[in-house]
Undergrad: 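The structure's right below; bear with me while I get my questions together.
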Amino acid sequence: MLTEEIEKLALSLPGTQENAHFGARDFRVGKRIFMTLPEAGRAVFKFTPDQQRMLLEMEPGVCAAVPGGWGARGWTSFYFVGADEELVRQSMETAWRNVAPRSLVAKNGRH
């Protein structure tokens, strides 16, 4: 998957806006960030610690916990170039659901 494809996918999620912080592009619902693009080929997703553990066990070559406290809170690096597109999509949707208002999640079904 290319950066342009992951951007398009993120922006297709309801209520998503692109912004930036700490010099990196981010994607958020309202003020809550669910994904950043800190460098080419890597996204960082907002997971719960349990979601992160499961993904790290299932996809150790694709994912890694962000170092330090951010990673302990679930922030996870996702190396999307060459990753399975469905895995990218599901992971992004999970991160989106983690921050989106419940009413928006309920209104949009699968998303």
Side-chain angles (χ1 to χ4, degrees):
M1 182 168 261
L2 302 173
T3 300
E4 294 80 21
E5 294 169 314
I6 204 165
E7 293 165 354
K8 185 177 178 182
L9 181 59
L11 292 170
S12 75
L13 297 172
T16 297
Q17 297 178 356
E18 183 176 348
N19 209 322
H21 76 290
F22 297 115
R25 296 169 59 205
D26 68 49
F27 296 82
R28 55 181 77 202
V29 178
K31 295 182 179 183
R32 299 189 69 199
I33 297 169
F34 67 91
M35 181 183 82
T36 65
L37 293 173
E39 61 188 76
R42 179 171 74 108
V44 176
F45 289 130
K46 171 62 174 136
F47 294 130
T48 66
D50 287 339
Q51 291 167 339
Q52 180 191 67
R53 271 190 291 282
M54 186 173 64
L55 195 57
L56 293 177
E57 287 175 16
M58 292 173 38
E59 300 292 338
V62 175
C63 301
V66 171
W70 289 100
R73 289 189 296 274
W75 287 95
T76 306
S77 291
F78 193 104
Y79 299 92
F80 59 85
V81 176
D84 178 74
E85 188 172 328
E86 187 58 25
L87 176 63
V88 174
R89 181 180 313 279
Q90 289 174 356
S91 298
M92 183 183 299
E93 288 178 0
T94 296
W96 178 86
R97 280 191 306 276
N98 286 341
V99 304
R102 289 182 186 159
S103 59
L104 189 59
V105 174
K107 180 179 168 184
N108 291 283
R110 181 171 180 232
H111 294 291

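Values in this document were obtained by computation on a predicted structure and should not be read as measured data.
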Undergrad: Starting at CD of Glu86, measure out to CE of Met1 and round the result to the nearest 0.5 Å.
TA: 9.5 Å
Undergrad: When you compare the side chain of Leu87 with that of Leu55, does any pair of heavy atoms fall below 4.5 Å?
TA: yes
Undergrad: Taking 4.0 angstrom as the limit, do Arg53 and Glu57 come out as a salt bridge?
TA: no
Undergrad: Any idea which heavy atoms bring Gly41 and Thr3 closest together, and the distance?
TA: N-OG1, 4.3 Å
Undergrad: List the atom of Lys31, the atom of Arg28, and the distance in Å for their closest heavy-atom pair.
TA: O-NH1, 3.7 Å
Undergrad: According to a 4.5 Å side-chain heavy-atom criterion applied to Ile, Leu, Val, Met, Phe, Trp and Tyr, with indirect links allowed, do Leu104 and Phe45 form part of one hydrophobic cluster?
TA: yes
Undergrad: Work out which heavy atom in Leu56 is nearest to a heavy atom in Ala65; give both atom names and the distance.
TA: CD2-N, 3.8 Å
Undergrad: Do Leu9 and Glu85 pass the side-chain contact (heavy atoms from CB on, under 4.5 Å) test, and can you show the C-alpha distance, the side-chain angles, and the key distance before you say yes or no?
TA: CA-CA 11 Å; Leu9 181 59; Glu85 188 172 328; over 6 Å; no
Undergrad: Considering all heavy atoms of both residues, which atom of Pro49 and which atom of Ala72 are nearest to each other, and what is their separation?
TA: CG-O, 3.7 Å
Undergrad: Does one hydrophobic cluster hold both Phe47 and Val66, with members joined at side-chain heavy-atom distances below 4.5 Å?
TA: no
Undergrad: To the nearest 0.5 angstrom, please state how far the CG atom of Leu13 sits from the CE atom of Met35.
TA: 8.5 Å
Undergrad: Parallel, tilted or perpendicular for Phe27 and Phe34, by the 30°/60° rule?
TA: tilted
Undergrad: Quick one: CD on Glu59 to OH on Tyr79, what's the gap to the nearest 0.5 Å?
TA: 14.5 Å
Undergrad: Looking at Ala43 and Pro38, what are the two nearest heavy atoms and their distance?
TA: CA-CD, 4.4 Å
Undergrad: Going by side chain to side chain donor-acceptor pair (under 3.5 Å), Asn98 matches just one of Lys46, Arg32, Gln51. Which one?
TA: Gln51
Undergrad: Between Ser77 and Val44, which heavy-atom pair has the shortest distance, and what is it?
TA: OG-CG2, 4.1 Å
Undergrad: Would you check if the side chain of Glu18 reaches a backbone N or O of Arg25 as a donor-acceptor pair within less than 3.5 Å?
TA: no
Undergrad: Please determine whether residues Phe78 and Leu11 belong to a single hydrophobic cluster, defined as Ile, Leu, Val, Met, Phe, Trp and Tyr linked transitively by side-chain heavy-atom distances below 4.5 Å.
TA: yes
Undergrad: Is there a continuous path of hydrophobic side-chain contacts, each under 4.5 Å between heavy atoms, that joins Val81 to Val88?
TA: yes
Undergrad: Closer than 3.5 angstrom, by distance alone: can the side chain of Gln17 be matched with the main-chain N or O of Gly30 as a donor-acceptor pair?
TA: no
Undergrad: Hey, does the side chain of Trp96 reach the backbone of Ala10 with a donor-acceptor pair shorter than 3.5 angstrom?
TA: no
Undergrad: Return the set of residues passing ring-ring contact (aromatic ring centres under 6.0 Å, His included) with Phe80 (not counting sequence neighbours), or none when no residue passes.
TA: none
